[in-house]
Structure formats: structure tokens, C-alpha cells
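Encoded as C-alpha cells, the structure appears first; notes follow it.
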Amino acid sequence: NAKNEEAGVSEGKKGEMEDKIVVYSPHGKDILAKYEKQFEAKYGVDVEWLDMGSQEILDRVRSEKNNPQADVWWGAPSTNFNQASAEGLLAAYKPTYSDHLDEGFHDPEWYWTGTSQTPEVIMYNSKELSKEEVPQDWNELLDPKWKDEIIIRYPLASGTMRTIFSAMIYRTYKDTKDPKDGYEWLKKLDQNTKEYSANPELMYNKIAKGEGSLSVWAMPDVVMLKENKKYPFEFVIPESGTPVLTEGIAIVEGAKHPKAAEAFYEFVNTKEAAKNLAEEFYRIPTRSDVPDLPEWITSTEIKAMDIDWNVFQEKGDEWMKHWDENIKSGDKEIKE
Amino acid sequence: MASIKMENVQKAFGKTIAVDHLNLDIKEGEFFTFLGPSGCGKTTTLRMIAGFYYPTKGIVRFSDKDMTRVPPEKRNTGMVFQNYALFPHMTVFENVAFGLRVRKIRSSELKRRVQDALQKVRLESYRNRQVSQLSGGQQQRVALARALVIEPEILLLDEPLSNLDAKLRDEMRVEILRLQRDYKITTIYVTHDQAEALSMSDRIAVFNYGICHQVGTPAEIYNQPANDFVASFIGEINLLPVQVKSVEHENMVVALENGEQQITIDVPKQAGEGDSILRTDKDLAVAIRPEAIRILDVAEDGINIFKGKIDSVQFFGSVVNVIVDVQNVSIRVDVLNTQEVGYYYQGKDVYVELPPNQLRLIPVISGDAP
Amino acid sequence: MASIKMENVQKAFGKTIAVDHLNLDIKEGEFFTFLGPSGCGKTTTLRMIAGFYYPTKGIVRFSDKDMTRVPPEKRNTGMVFQNYALFPHMTVFENVAFGLRVRKIRSSELKRRVQDALQKVRLESYRNRQVSQLSGGQQQRVALARALVIEPEILLLDEPLSNLDAKLRDEMRVEILRLQRDYKITTIYVTHDQAEALSMSDRIAVFNYGICHQVGTPAEIYNQPANDFVASFIGEINLLPVQVKSVEHENMVVALENGEQQITIDVPKQAGEGDSILRTDKDLAVAIRPEAIRILDVAEDGINIFKGKIDSVQFFGSVVNVIVDVQNVSIRVDVLNTQEVGYYYQGKDVYVELPPNQLRLIPVISGDAP
Amino acid sequence: MIKNRDTRLTIWLLLPVVLVLAAYVLYPSMRTFIESLQKDGSISLGNYQDFFVQESKTNLEALWNSVYISGLSVLVSAMIGIPLAFIFNRYDFPGRSFFSSAAILPIVLPSLVGVMAFLFLYGESGLIPNVIKDLFGLEQVPFKIGGLSGILIVHAYTMYVYFYMTVSAAIHKIDPSLEEAAYNLGAGKFKVFWQVTFPLLTPAIVAASLLVFMISMASFSAPFLLAGGYRVLSLQIYFSKINGDMEIAATQSVILSIVSISFLLFMRWYQNRKDYRIASKGIGSHRSEVKSPLMKWAMAVTGIIGVIILLLPHFTILLLSLVPDGTWTFQTYPTVFNIENYRLLFEDPNIFKPLRNSLLMAVIATLANLVFGVITSYVLVKRKFVGKSMIDILVMIPWALPATVIGMNLIFAFNEPSVFSFGQILVGSFWILPLAYFIRHIPLVVRSTNAVLEQLDDSIEEAARNLGAKWFYTFRKVLLPIIMPGVLAGTLLAFIESVGEFPTSVLLYTISNRPISIEIMNQLRMFNMGQAAAYGMVQITLIVIVLFISNRFFGIKAEKAL
Ligand SMILES: Nc1ncnc2c1ncn2[C@@H]1O[C@H](COP(=O)(O)OP(=O)(O)OP(=O)(O)O)[C@@H](O)[C@H]1O
Ligand SMILES: Nc1ncnc2c1ncn2[C@@H]1O[C@H](COP(=O)(O)OP(=O)(O)OP(=O)(O)O)[C@@H](O)[C@H]1O
Ligand SMILES: [Mg+2]
Ligand SMILES: [Mg+2]
């Protein structure tokens, strides 16, 4: 019946739809090009997209506030969307599949809805380390034996890393309301960290070539690298639980092509689309009604950390700023 | 052809006054020269005539028309710049044709006139050369042709020869005179070379520190300088500071400042001139050209004959320059380089005669310079 | 002080031979001048002496020591460049001190010597100025002081006056001579100005197209030029192509090429010279300086007196230049600007006398130039 | 009443110059400044206070690091650029003219891939260290770059060109007789160099130092990629902006600008303190005689090695573009080579769009630069008016400001309608990028035009007017043709830099004008190193073709631009 529903939507609105739609998305050329083609074939609406980092999208949507260029923002951690909706950058839209989304997978006011989940994991170079040696939980990363083995993406510009670091603080913060222990933890991690890489590509490269052997990163990316790009990577899901990010989609406030935007919004999160994304692009769907998911999703047991994302949004900047200014050892890179 | 009149012209650059109280009256077809040392305002005056500067005060007229504020492109003057200012990206032909193109002359006539001008400066065969491939003298001729081809009413030449060597200068001088006579253009020539000025000009204006000291024919300027600056700037001259002793009808007697010699001077025939100079509050000097002085081996009878000793003899080619010391006053005497020259040698005792009719009493203004 | 000897020196740049077959012998303390038109190899020769070029062939000796390949900084010559080449980033004092600093002279002595040199060129009060704040003449004196302060054995001056105006040139000339005499340094002076060369030098070498045509004292060069190039390059001269008619003991008779006039020439006293010139395969010409010719109003008795008509009169200051046409041969006569000058005017019939003892028969080589 | 025609003309010419500078340089900067004064909704200096008294001192640290890196970059670039300029301009050896052109190749390196190429070359797992390690059987790689040293090396590599170009030009202008005078006074080679030649190069060195300092202050790609944790001000601005702290970003921008402009003023003062004008009166200069043949060949060999080192990053990009993605991950050396990346690239129907965009925008911006540069420079050099030095400084400001700041300025100024944008919102439109390129390259074109105009004798213009030509005719038919070659050299350089521009592009691009550099960045973001490199190769080829054509058919040499 979902199929009919969707068909109804499309047929009903086809006539009034604008002839163009602009999508901002960090999903990259492969995904975007594919959905562009399908959407254009189906609706005859010209899809244009810009791919850039989610943080950059937020930044850009902000600077284009007076003259919005984008219609749809597809893909970013929910924290980014929360921030954007707080600044009035998003338009509310309740999609047809809203019933199939669990509580945490959408904005209460429907400013965004989730499309996929991203658990954060410990990633390692499978040529350098065996499955047994690898730390099984966050705290094991602090073991001095990993000194100078850990290479981390520079967290300030990375939603993934911000989430992980915030989660590390949040673990104790939620009880004590004091980030001190978390800061302590991060300080120790910093001592084991060899380098903060400017972009993911550099981090992959360094870990693949053995300059370091451990990192923390998002699971779908690790799987994708391993399967598609033949990197010698494996991952471990921390035993004590891991933050699971929700990636979402939203319509930009003041969008110039609102009808087409809604169509696209629906289109990329149909059951088929979700399944396809899971199979081809290693994304774990948020919809609870997607059948026949690939084996790596069903067999992996993820223990999600219980997180109040509002706290993340509220405190995140402050925590990261503190990390940046007080924890990160500035001479890390100058040492060599 | 046009006459040029400058009426009480002044030009100031900020606080420096480059030209002041200038009154000039240049006749049609005249070859007029501005002469003076570096920085005396020659170029400034020329540029006011060309229209590159506007006078601070005063009026510039061409044939009685007020041109003071007319822009340069409307003045129809032809100018040859000191460095020629040829357009480096054009050939000789194009350079010369430029002024005609601006005037929208028909192509066939343009060709004819350029050809004609190039012929006049004897450069027909160079017409398609780039100007950078010409020698200095040839470049100058292109500059001349370029200025002449537009048939200007006035030709302005700003030290056009100062970059050339002596030999080439001589040739170019003849060339310029020939062309000026051919075209019969009112011409103003700027130079600091007095030989050039004397040999070429109809009339000369001598400048110093922005002031025009004298205007006159070469012979007037040379033989009757208005003051010691003009006298010493034009050619060599002996200037002896003196005090007037007595004035009679036909001559006067002056004393050198060392007080020992007395010199007799013929009073110029023009009535009153002798008087006016006596009424000036300036110091006075007796001036005599070195070539006007005679050297005598033995004392002769006559006036103004003084005993002296030869201090040095310098050989300048056609002229030999003998410095005679007359009781600590150095007197320069020029004699032609003929057979007798060998007779003069350092230390020889001689007599010098200063003919009274060649002596002139002039005011000394050198101390007055700003 | 040192003597300089150049033995069969040649310098080629690629295919152009700038200097060839050069033999010079410059004595200690001499003021020696290289004279010649632009591009004749003067600078090249000077630079070989300074060590900036190495000769392609031949040997350069200073006081009999072979210096041919010694680098410039080891030659102890002082050079004044045409453009002065003052260091723009240093003050006057620092410029002059440079050579001493290089020699590691103690500071107190250095000060004394620089002070001394600046005094000699009369620039003490300018010591702390930047060189760009000096006038051309002052800059030249700095350049001189800089070259002199190191007490070089040889002083080299490459057209040091060519950028100055006539007045300043005269002053600087005197200055240079005074300093050369003071310091008693062997000096080589490069110029293309013949008046300069004649008035300053002990000896002169005249160059053209890389060849040295004559070496001699100014009087020798002027009065006994080796050929028509030297004759016409040094001062004005009348050159009349002739054919020898008859040779006697004390004089010979030649005919002008128009065949009408016959001229009698005293044979020089030096034995054989008259002969050698007759044996050359070159064309011959009679040379006479314009100042040696006399103008007569009426025919007088005597030899070499010809009738003619005044073609033009040009006023050059101390000298008046009269062109007399003698049956289509132009003869230039210089007379001093004295009272009588007014007597000469265009079209006047006159007689010219060419004194036989002032006439010289010389070979014509002008056609030989490469 | 305006006194005369000339003054009137000056005013007419000045008008557009002042307008453009006010609208696109001054106004955006002022907007940023005003933004920096906003704190919690009121106007105050609070942001500046925070900057300096902040407890952790990160901002001060970043400021210090920026200045420190910029200072070092100046030193290192000078140490490479000056000797190279000497070798190529003072000595004649086989292949000299080829090498002297090759020496400017670093400017055709695309910024992002270029930096990546450096990592692949000299990083810990880079080719060179590993080749050396394997050749000599070492335990460890002998050296690697990263962090500070990485930034420095990349800066030195890309910025020595400025020293090379300015010093080369200055060497040509030095009258050789000055050096000869020093030899003649007994100074040896060493002394002559240090006491005469080198001081005379001061203006050129000052100019180049200024450039390198300002560009290093503003440098983005290198610290961004090479030193994730090393704090420099240009990155701080970027992160503040990303974090949403616009006021802080503006404050940091203003402070960075103040440092750069102070340095600019300091250098001007220093240069004007002494007189370096060579009072030569036009004596033909001659090359010193060539010494031993051994020397000659040593020079040639040094030249060849130098050029190989210069070209290594370009070769690395070529190499990367030939290695299919996924075959060079953990392996030390790549094993598979094919043109898969190019195939993938050219399969994309949209491949040529960024290329076309970049070219189109570069052409628009450069044309504007050409027109504006010539007029501005003419007014500055040949006309007299009050406030000249003010205009002079305004012209230089786009160099004193980091590209990121220029981008920010434009966002602040033009994300709402203003008179200067004819009532349009420029942010998000096609025109914002050409405008940004135009602004960034104002100083470049004006400077190179100044250089030719200053050499042009005033009397040329006067001669034309004397012959009856009006000002505009004179300008068109006489001045322009004479100065064009010099002007075009500067314009060519501006064009090349526009084609590869990254830091402002990343802030301002939109769908309709996405340029090459952004395309490359996105390939990188999607881990398609190979395709990014292939794209980089396309960009390099494009620029080289432009260079070649302009050199070959129009005789314009970009290396003569400064
Ligand atoms: N544009 C100007 N601005 C300021 N002062 C000027 C300007 N042009 C000339 N002067 C000053 O005016 C005076 C006269 O200058 P001018 O150029 O007329 O001299 P000149 O007689 O042509 O000298 P020279 O023989 O050196 O060319 C000089 O003191 C000069 O410094
Ligand atoms: N470095 C060089 N390379 C090639 N040819 C040269 C070089 N230097 C001089 N020449 C040539 O050698 C000849 C003599 O030049 P030189 O400079 O000695 O002339 P000059 O007598 O000093 O002339 P001027 O009076 O013009 O200075 C000229 O034909 C010149 O072109
Ligand atoms: Mg002048
Ligand atoms: Mg010379």
C-alpha cells in the first residue's frame, strides 16, 4: 500500500510541480547522480545538486538565508538539522511515511525526518592488527600501548567526530552534569593520538599505509571503503554502546521549488530507495518497514547509547571549543 | 606661420616659480632660441607655448589670438622632444603619418605628404623600419618629419641635439636650419649650448632662474651683453670688477678693484646708455672678450696696455687660449692657432692691450640669484 | 703610478672585431686620451685595461708586469664610469669609503683619507647626503673621489663629462686636470669631444673602427694629422683632393681635381716624409685649417692666393666662420670675432691666401672603412 | 568650477576607479568590520576583548602561528627564489630560457590536489621517503613532511615564484657598471654581491616579501590539509564560520587584515627610507663575460635538477590520475596503471560544465581586471590628484586580506540587496564568483601595469597630443599598444590564478557556477583520489595550453608579470 500511496502523491501533484529542484547533500556524486537520474525520469523535473560537507551545508544555508538557493537538504546528522531549525532555516514537512519512523528519527515539529542511522565504531587496519588485539570498547583506546597508533579526523569540521567526542563527555555528563570526567577522558585519548587529519581521505590513507592503525569513524563509511574501495579496514562496535547518529532530510525555508522539493523528499526515502541505499551504499535505514535488508545490517548487533540530542546541540559547541582550546595538544603536529 | 606673444607670463609649481615676468614677442617665420643653464625655465616656457602647462598668470597669444587655455591638441604646434618621443610600436611611416591620421587626411594625400616629409629629411628608404632600428640622428629626423608633416604654424624644438655627439650635432644643425628655411615656420629652439644658439638663431632669449635677461640677435647678445650673467654664459669673457673714476664726453676711466690699474673705456655712441649704467645701484664690471685682446711682445705706446706674465697656454684646436697674469688679475686671451702660437709659453713676459672700443661696462647681478 | 703597455691587442665579440692590432705605450704619470667617434672601440680598450674584458689576442702590461688575465679587483686601477655608477643606496661618504673598506683600512685612517679626498673634490659638506640628492657635477666629483681615494696606480675615465652641460664641463675639466696633477696618476681619458682631448691631454690616440690611427701630442695630432680621418675628426679642416704635379727640393706643386688651381706646398723639414707619402697607393689631399687661411680684400702678390666669393658667414662667438667659394671649391676660413668682422658679408668678392707652410699633403683613407 | 580639461579628465577617470574600489573593496571590508563589532545584539568591542583576553589564548596562538609561518615562508621562499633568479638571469648556459620559463610552473599546480600531491610525495608513506628508505635499506623513512614543515615546504614551493619574478626583473634593471665599479675598487665577488647587488635588489625583495607574507597569512589549503591541529588564523576564521560564530569570524578577519596591512605599510616605509633609484643615464648594459665551461655545465645541471624537483608534484598528480581507485591503499607503491579514472571522468555528461564555468568566469573576471587595471594604473602613475596614496592602499588591500576574508566580506556585503549590486542579492548568484576573482586580482594587474607605465616616458603621450590627437585617441592608439605586452603578462597570471582559485570559490560557488577546484574537492571528499587527480591533470593541461598559446602566438610571458 505504500506503493500506491506514493503513486498517488506523485500523480496528484505532478501538474503543479516546478520544473527544477536544487539539492544540497553530502552524499556524494554516486548516490546523487543515481537518484537524480531516477527522479528526473519519473517526474521530468530537473535535479541539480551540490555536494559538500554537512557542516558546510549548514553554513551555506545560513549565508543564503536571504536568498535561498537550495530546496532540499538531504543528509546530515540530526544535530545539524536541530541547529538549523532553531535558526529558522528549515520548513516543516510531514512526509507520508511518517508512521513508519520511530520516535527519535524525526523532529517533533517535522522540520526534519531521519533517512538512515550511523553507528560510530572503532576502525582498524586489518593488515596491522588482528581482530583479537583490537580494543573492544572506548576505554581500551586509552591504553598507553596504542600511543601514536591512533589517527583521528580533526573533529571541529566533522559531524561524525563531534558526535563521538560529545558522546564520550555525555556518558558521565548525563549523571553529573559536569563535563570534567569527559574532558579527562579526551585528554587521555589526545595523548595516544598521533595526528588529527584534515580530511577523511588523508586519514584513510594514513591508516591504510600503516602510519597509524586505529581510528574511530562511522560504520557505513568503513564498510563502504572495505567493500568498494578495497581498503584493508575492519571495525569493532564498542561493547558498552555507541552513539547512533540519525541522518536526515529537510526542506529549506523559503525554497523556490517547494512542490518538487516535497516530491524529492518522499522519493529518496521510499522503501525501495531505503533498501537500495542499504545494499549499494551501506546505509542503515530508519524506516521500520524495509524488508530484506542485507546481512551485514541484520547480523550486526548495535548497542545504541541512550542520548538526549538536545543536550548535544546545546552543549556541543561549548564542549568542542573547550576541547579545541584546552585539551588538544597544539604541538602534536609540530613534533615531527 | 604665426607670431607668438607672451605677456607678463608667470608659471609657478607649488612654491617654486619656474618662469616669471616673461614678455616675449616672436615674429612670424623667425628662428628664435631660448638659451640658459639647466633649470632656468626654458622647457617650462616652451611647454606653455605647446599647451602642456597653463601659465599661472599672463597671456599667450598666437598671431594675436589668446591661446592661454587652449588644449595642446588644438594649437597646431609641432614639437620635437629632447628624447624624440617616437612611438615605439610604429614604423617610421606610421610615426610620421600619425598627425595626419588624427586630422583624417585622405589616404592618398596622406601618403603623398608623408612621402614628401620623409624625402625632406632624407629618410625615404627607411619608411618601413621600426624606429628602434634607427640611429640617434635618424630618429631625430623622424621626429622632425613627424612635427613638420602636419604643417604646424609653430615648430618647437626642446634641446633636440643634446643627445648626439659633436659630429652628428653639426650635421643635424645644418639639417634643421635647412628645413626651417624650406618650410618657413616660426621656430623656437631650446638649448643650453651657446655655440648652437649663436650660429643658428635669428634672435636669442637668455634665461636664468626663470627670468629672461636679454633678447637680441646673436651679435647683440655676444657683443653687448646686458649684464655679467649673459656675458659669461655666452662664450668666454674677461670680467673685471671695477669702480668708475671719471666720466668724460667720449670715454670714461675706471679702476680695477686692486686699485692699481686704470682702464679707459669708449662710451657707447647711443646717447644716455652710459649714463643709465652709472645710475644703477649694482656693482659694475668691465667686460672684454678674450679674442678682442691683443698680446704684445714689447711695450707699445697706447692706452690700456698692461705688463703681465703668461700663466698657462691651452690648446683648443683652432684657438689657443693664453692666460696672462697682470698683477694677480687673470686675463684670458684667445689667439688663432697659426704659426706664431709657438711663441707663447708659460712664464713669458708679455704686454696685453685692451682696445677701449671693445670694452664694455656692465652691471654685476650674479649675487642676486634666488 | 705605473706605465701601461698594450702589445698587439685584439678584442673580438663573436664576429665583430672591436679592437685590432693595438699597440700603445703609455708613460708613467701621463694624461693620455682615447679619442674617436662612437663605437670605435675606446670603451672596449679601456675595459681591457680595467680587466672587465680579456683580450682575444695580445698582452696588457702594467709597468712591464703581464696583467692580461688578472681579474679587475686585483689591478688597482681607479675607474670613473660614464654614468658615474655611484652606489645609490649609500651616502657620499660610504661611496667614497667603499674601496677602503674593501681594503680593510683602519677606521680612523679610513675617515681621514675619505675626508681628504672629499676635500680635494670640494665636497666635504656633502658627506652625508644620499647620492641621488646631488647634481650631475657633484656626482661626478664623488665618482672621482671614490676612484682616487684608493690611490690607484692608474686612473681610467670613460667619457666622464658627456652628460654635463657646456659650463659644467669646463669646470669639471679643470677639476680633473688639477686632481690628476695633484695625485700624479697615470690617467687614461676616453672622449669623443676633440676640444676636450686637445686641451687636456699630454698625448692622444685617435681611433676609428677599432684601429688606432695616430698617437701624438695634441699639437702633433692637430697640425700633422696622419690621414684625412684624423684631420677631419680633430677640428674643422679644409680637405682638397689633389694630384701631385711636380716635386722640388723645398716644395711641391699639386693640382686641385677641378684642374684649374695649382697649389704650392712647403715640403716638411723631416727628411723623407714627403717621399713616403708620394709612394702610398692612396689618393692624396691637401689639408689646411680654416684659421690658417687669410682673407684679403684685394689681390696681393704671393703664392696660393685665389679669388673667390663669400658664400656664407656664421657667427660662433669668439670665431666667425666664413665660407668662401673658389670656383666651386668651398673653402672654410675662421677669423676671430673682432671689430673687422662686419666687413664680411655674403656675396662679397674676396681673395684667400693659403700659406704654403700651413699646407699638408695627407693620404685619403675614408673609403677604406669596413 | 573645475579649472581645466586635464583636471576634469582626471576626475572622470578617477570616478569609476573610486567607485569600484569603494563598492567592492572598501564597502565589504567595512561590513565585516561592523559585523565584528556586534556582540549579543549590541555594538561593542567585546569581540576584540575576547580575542585577546580569552583564557586559553587559542586566538593569540593562532595569530602568532600565522605570523610565524608567514615570516618563515618569506625566508624560505627568498632562499629559493633569489638564487634561482640569479642563476637564470646572470649566467648563460644551455637551456637557460627553457628553465627560466619552467621556474614558474608551481603556479599552475591546482591548490588542493597540489597539496595532496605533496603528501603522496613527501609524507610519511610518500614516494620519495620510501624510495630512499628502500634503496638504502633503512629502518625508518629518512624524512617526512607534515604539520609545520609541510606547510612551509608547500609555501616555499608555490611562493618562491614571487621572489623569482620580482628579483629577475630587478636584476635586469641593475646597471652592470655599478658592480664593475665595485670590482674596480677591489671588491671580490662575495663583497660585490653582499654590498652592492643585494642592497640594490631591496625594493624587489621587499615587494616579494610583502606578497609572500600576505599570501601566507591568508593561505588556506596548505594548513587545512597538512596540519589539522596546527592553529593558524585563516583556519580559525573558517572554523569559526563553520561553527556559526559569525561575529568571531569577522573579528578574526579584521585582526588578520590589520596585521597584513600593517606589514604592507611597514614595508612601504622601509622601502622609502632609502633611495634605491639607479641614477643611470641610459648606458647600454652588457652581460658579464661567461667564465669557465665547467661552471656552465654545473649551472645547467643544477637547473635541470631544480626543474625536475619543481615538476615532481605535477608528475605525482599524473601518477595518481593513472592509478585506479582502490589499488593503492596499503601498498607502498602503486601497481596498477590505466586510464580508468579518465574514462570515469569523461563518462560523466557534466564533466565539461565546471571546466566551462571556470574558463568563463576567469575570462569575465580577467577582462574586468584588464579594463579596471589599466585605467587605475594610468590614473595612479600618470595623473596627479589628492589622495593618491589612499587609492594606492585600497588597491593593495585585496592582497592584504586572506581569500577567506574576501569571501566573507562579500557574503556580509552582498547577501542582501545593495546599491553596489544594483539592488540584487549577489550571494547565491552566478556573478558573485567572477566578482570575487576580479577583486582578488586587482592588485596583480594594477601592479604589473604600473611597472610598464612607470617606464613609459610622459613625452610620448605629449607628442601625440601635440600632433593633434585627443586624449582618448592617444590612449587607444599610442599608450595602449605600447603597454599592452606588459599588461597582458599580468593579466595572464590573473587568468591562471582565477582558473584554479579555491578559497573564495568554496565559500561562494553555486550550482550554476561551480568551478574546477570545487569539482576536485568533491572528488576528494568522496575518496576518489584518482579522479580528483585526473581532473587536476585536466586543469593543468588547460593552463599549460593557455600559457603556451599566449607565449607562442602573442609573445606574452607570464613570468614577466611582476
Ligand atoms: N612639473 C614640475 N613640478 C615642479 N617643478 C618643476 C616642474 N617642471 C619644472 N620645474 C622646476 O622649474 C624650474 C625650471 O624647469 P625647466 O624644466 O623649465 O628648466 P630647463 O630650463 O628646461 O632646464 P634643462 O636645461 O635642465 O632642461 C626648475 O627649477 C624645475 O625644477
Ligand atoms: N659586449 C659586446 N658585445 C658585442 N659587441 C660589442 C660589445 N661591446 C662593444 N661591442 C662592439 O664593439 C665596438 C666598439 O665598442 P666600444 O664600446 O668600445 O665603442 P666606443 O668607442 O666606446 O663608443 P662610444 O663612444 O659610443 O661609447 C662597437 O661596434 C660595439 O658594438
Ligand atoms: Mg629642459
Ligand atoms: Mg664608450
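Side chains included, hydrogens not; waters and symmetry mates left out as well; all remaining heavy atoms used. So that the names make sense, note that chain A is the first sequence line, chain B the second, and so on, each numbered from 1.
A salt bridge does not link B:Arg289 to B:Asp334: none of the charged side-chain nitrogens sits closer than 4.0 Å to a carboxylate oxygen. C:Glu175 and C:Arg141 are not joined by a salt bridge, as no carboxylate oxygen comes within less than 4.0 angstrom of a charged side-chain nitrogen. Between C:Lys42 and C:Asp158 there is no salt bridge, since none of the side-chain N atoms of the basic residue sits less than 4.0 Å from a carboxylate O of the acidic one.
A parallel orientation is assigned to the rings of C:Phe233 and C:Phe229, their planes being inclined by less than 30° (bins at 30° and 60°).
In this structure, B:Glu300 contributes its side chain and B:Tyr351 its backbone to no donor-acceptor pair below 3.5 Å. At least one donor-acceptor pair closer than 3.5 Å links the side chain of B:Asp228 to the backbone N or O of B:Ile365.
Residue C:Leu177 touches chain B through its side chain alone, counting heavy-atom pairs closer than 4.5 Å.
Scanning residues 215-223 of chain C against chain B with a 4.5 Å heavy-atom cutoff picks out C:Pro218, C:Ala219, C:Tyr222, C:Asn223, ordered by number.
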